[in-house]
Amino acid sequence: MLKFFLWTTGGNVFSRALVFLSMLFMARSLGAEDFGKFSIYKGAIETIVVLGSFRFGVSLITSISQNKLPFSSLFKIFGKLLAIIAVIITIGVIVFSDFILSDLFKGAFDSKYILLILVGVLSGLFNIFFISCLTGLQHFKNLSINLIVTSLFYSLLIIGGTMYFGLLGCVIAFTLQSVLLITLNFKTLTSKNIIKKIFVSKNDYTKILKYTKKVSGPLYLSSLLDNPIVWLNNFVLLTFSDDFSNVGSISSILLLGSVIGTFNMALGQILLTVLSKNKINEGSGDININFLNLLLSTTISVMIVLPFLLNKKFFILMFGDLYSIESLHALLWVILSSYVLTSFRDNVIRLNIVAEKTTFVFFEQLLFGLSSILIMFLFIKDDIIMGRAWSMLLPFSLYFLIFIPVYINKKILKINLEEIKYMLVLLFVIVAAYFLSGKLSGFSQTIGLLIVLYSFIIIAFAHWGNIPLKLYLSIILERINKFSIMKVFKN
């Protein structure tokens, strides 16, 4: 598992770090208004992809991991499903092009963007397919290399596009990077010689489609209340404030939160595969897999957000003074706290997927979707920007009161004493950060406090998680030494 962690997390972190830095450059160069327009565009593309994907990626990963059919059969079945979806979406985008430009994008984009929208949506769908194939096959190394190459290309395009073409250049860069990733992932699959011509019987189609309906069906229904709701809330913010710069201000914090999403995605791919195999093999010998699944990404999330919770000057230093609005401190606390809780919720969702209890996920997402919309409208007259932030955090109070007890009772979620103790440590760190955040005058004090809090978290994680840090560090150092510059020169 360590090998998978190093490749997947390392590749994702490096590639996402490049994209994050280039997006920072974009945000600072475009300003809040045009960055808000790009965020609305990107959010709309991702929403259409979610609506069209039917969440088949999860079913594909688990079907491959659990060997429900030979890979070639699964590739053929899901490939045909993807082709049907692609045709339907192409027709839809062409027919409703006027509505998309005038209503969804509030006239911010003209007709030349329709082709970019269509290519962006279709490439997003094909990426889900190919990434799910490589993840299910555990080709994490190849996937990570492809992500790194794509990110390098994307970063250069964003910088060049922003400098010479402004908003249009950013949109073109967003589209081209998705096309490149498809090309690289498809080449990886074909080079492995694992896609064979094979006859797929009607019974095989029926078996997989039933399984997809069971696993992905509830997840798809829940996703209708996830990305679309996020986009809808941003759209409401834009409509009632009539200012793209407000969307840009919120999107800048969401961009920071996407760093957390990077780790969640990387770790989630590995852990979903391991948990699925454990279900078949009744345990694979991995060290405290339940603790890692439940709390590793949550721990990383806390460590990522701590600097910005303690001192908002870190955020202003990154994004610039244009994003230093009056309510920045409150927005950072509310939105980034919601991302930490989201990382924990994603961990629990994986347990639901493995247990094939994804119906619960639909109902919890229904709760999040409806409550977030209600909160947005409650804040419309008073403070629509803070309403957008609270719409992300407040629904978690109902989640922990209603769903967590159900998961524990159904034995989907199993929490032992060590995990409870460690969660209390994380809670203590967050509370301490809240009370100390207004008392730190400079960067040096903040960095000193961060060192103390990080050390406290790492020691507690290793202790209660029974994680042999010395063993892991020795393996990492051994791998680094293996590829050291000195050895290269010797050869």
Side-chain angles (χ1 to χ4, degrees), residues 13 16-17 19-21 23-24 27 32 35 39 43 226-227 229-230 233-234 237 246-267 295-320 323-347 368 372 375-376 379 383 385-397 399-400 423 425-440 443 446-447 449-450 453-454 456-457:
V13 169
R16 295 284 177 164
V19 173
F20 178 74
L21 291 174
M23 290 288 284
L24 273 180
F35 186 63
S39 299
D226 189 2
N227 286 58
I229 293 296
V230 171
N233 285 338
N234 282 341
L237 173 62
N246 286 333
V247 179
S249 298
I250 290 290
S251 297
S252 63
I253 304 177
L254 299 183
L255 174 61
L256 181 59
S258 69
V259 177
I260 295 175
T262 297
F263 284 96
N264 286 346
M265 181 182 68
L267 294 173
L295 293 169
L296 178 56
S297 63
T298 308
T299 299
I300 294 172
S301 302
V302 171
M303 296 178 73
I304 290 172
V305 304
L306 269 179
F308 307 96
L309 298 182
L310 286 170
N311 196 332
K312 66 179 182 180
K313 292 180 181 178
F314 282 103
F315 181 86
I316 297 172
L317 181 66
M318 292 176 66
F319 286 89
Y323 295 87
S324 180
I325 58 179
E326 185 179 353
S327 55
L328 178 60
H329 180 72
L331 286 172
L332 286 171
W333 265 96
V334 174
I335 294 176
L336 294 182
S337 295
S338 74
Y339 270 99
V340 172
L341 295 177
T342 298
S343 68
F344 178 83
R345 180 173 170 242
D346 288 342
N347 301 337
F368 273 86
S372 66
I375 293 165
M376 278 290 293
F379 277 84
D383 191 344
I385 298 180
M386 282 306 302
R388 177 68 184 90
W390 283 114
S391 71
M392 298 176 64
L393 182 62
L394 289 181
F396 277 100
S397 59
Y399 170 74
F400 282 100
M423 282 189 277
V425 168
L426 293 181
L427 180 61
F428 169 79
V429 169
I430 294 294
V431 172
Y434 178 78
F435 285 104
L436 292 171
S437 59
K439 300 179 180 179
L440 301 172
F443 287 113
T446 306
I447 293 172
L449 180 58
L450 282 172
L453 294 176
Y454 283 164
F456 185 48
I457 291 172

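Only a predicted model underlies this, so the values are computations on that prediction, with no experimental measurement involved. Numbers here are sequence positions counted from 1.
- Rounding to the nearest 0.5 Å places OG of Ser258 at 12.5 Å from CD1 of Ile253.
- Between the CZ atom of Phe308 and the CG atom of Leu328 there is a distance of 11.0 Å, given to the nearest 0.5 Å.
- Minimum interatomic distance between Asn233 and Ser372 (heavy atoms only, all atoms of both residues): ND2-OG, 3.7 Å.
- Residues Trp333 and Leu309 approach most closely at NE1-O, 3.1 Å, considering heavy atoms.
- Between Phe400 and Phe396, the two ring planes are tilted [angle within 30° to 60°].
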For this session: Begin with the C-alpha distance, continue with both residues' side-chain angles, and end with the deciding distance and a verdict on side chain to side chain contact (heavy atoms under 4.5 Å, CB included) for Leu393 and Ile335.
Result: CA-CA 7 Å; Leu393 182 62; Ile335 294 176; over 6 Å; no

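- At most 12 non-hydrogen atoms from other residues, nucleotides or ligands lie less than 6.0 angstrom from CZ of Phe428.
- Annotation: Tyr323 is not in aromatic contact with Phe315 [ring centroid separation under 6.0 Å not met].
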Exercise. Passes side chain to side chain contact (heavy atoms under 4.5 Å, CB included), Val340 versus Leu426? Steps please.
Worked result: CA-CA 11 Å; Val340 172; Leu426 293 181; over 6 Å; no

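- Here Ile385 contributes atom CD1 and Glu326 contributes atom CD; the two are 10.0 Å apart, rounded to the nearest 0.5 Å.
- Between Met23 and Phe35, the closest heavy-atom pair is CE-CE1, 4.2 Å.
- Heavy-atom minimum distance, Pro307 versus Thr446: O-CG2, 4.5 Å.
- For the residue pair Asn311/Ser437, the side-chain donor-acceptor check at 3.5 Å is not satisfied.
- Side-chain polar atoms of Ser297 and Asn347 form a donor-acceptor pair below 3.5 angstrom.
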Exercise. Hey, mind stepping through Ile250 and Asn246 against side chain to side chain contact (heavy atoms under 4.5 Å, CB included) and telling me if it holds?
Worked result: CA-CA 6 Å; Ile250 290 290; Asn246 286 333; 6.0 Å; no

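- The shortest non-hydrogen separation linking Ser249 to Ser252 is O-OG, 2.5 Å.
- In this structure, CE on Met423 lies 9.0 Å from OG1 on Thr298, to the nearest 0.5 angstrom.
- The one candidate from Leu336, Leu254, Thr342, Val334 that meets the side-chain contact (heavy atoms from CB on, under 4.5 Å) condition with Met392 is Leu254.
- With rounding to the nearest 0.5 Å, the separation of CG in Leu341 from CG in Asp346 is 11.0 Å.
- Shortest non-hydrogen contact noted between Tyr454 and Leu306 is CE2-CD1, 3.9 Å.
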Exercise. Step by step, would you call Arg345 with Phe368 a side chain to side chain contact (heavy atoms under 4.5 Å, CB included)?
Worked result: CA-CA 12 Å; Arg345 180 173 170 242; Phe368 273 86; 3.6 Å; yes

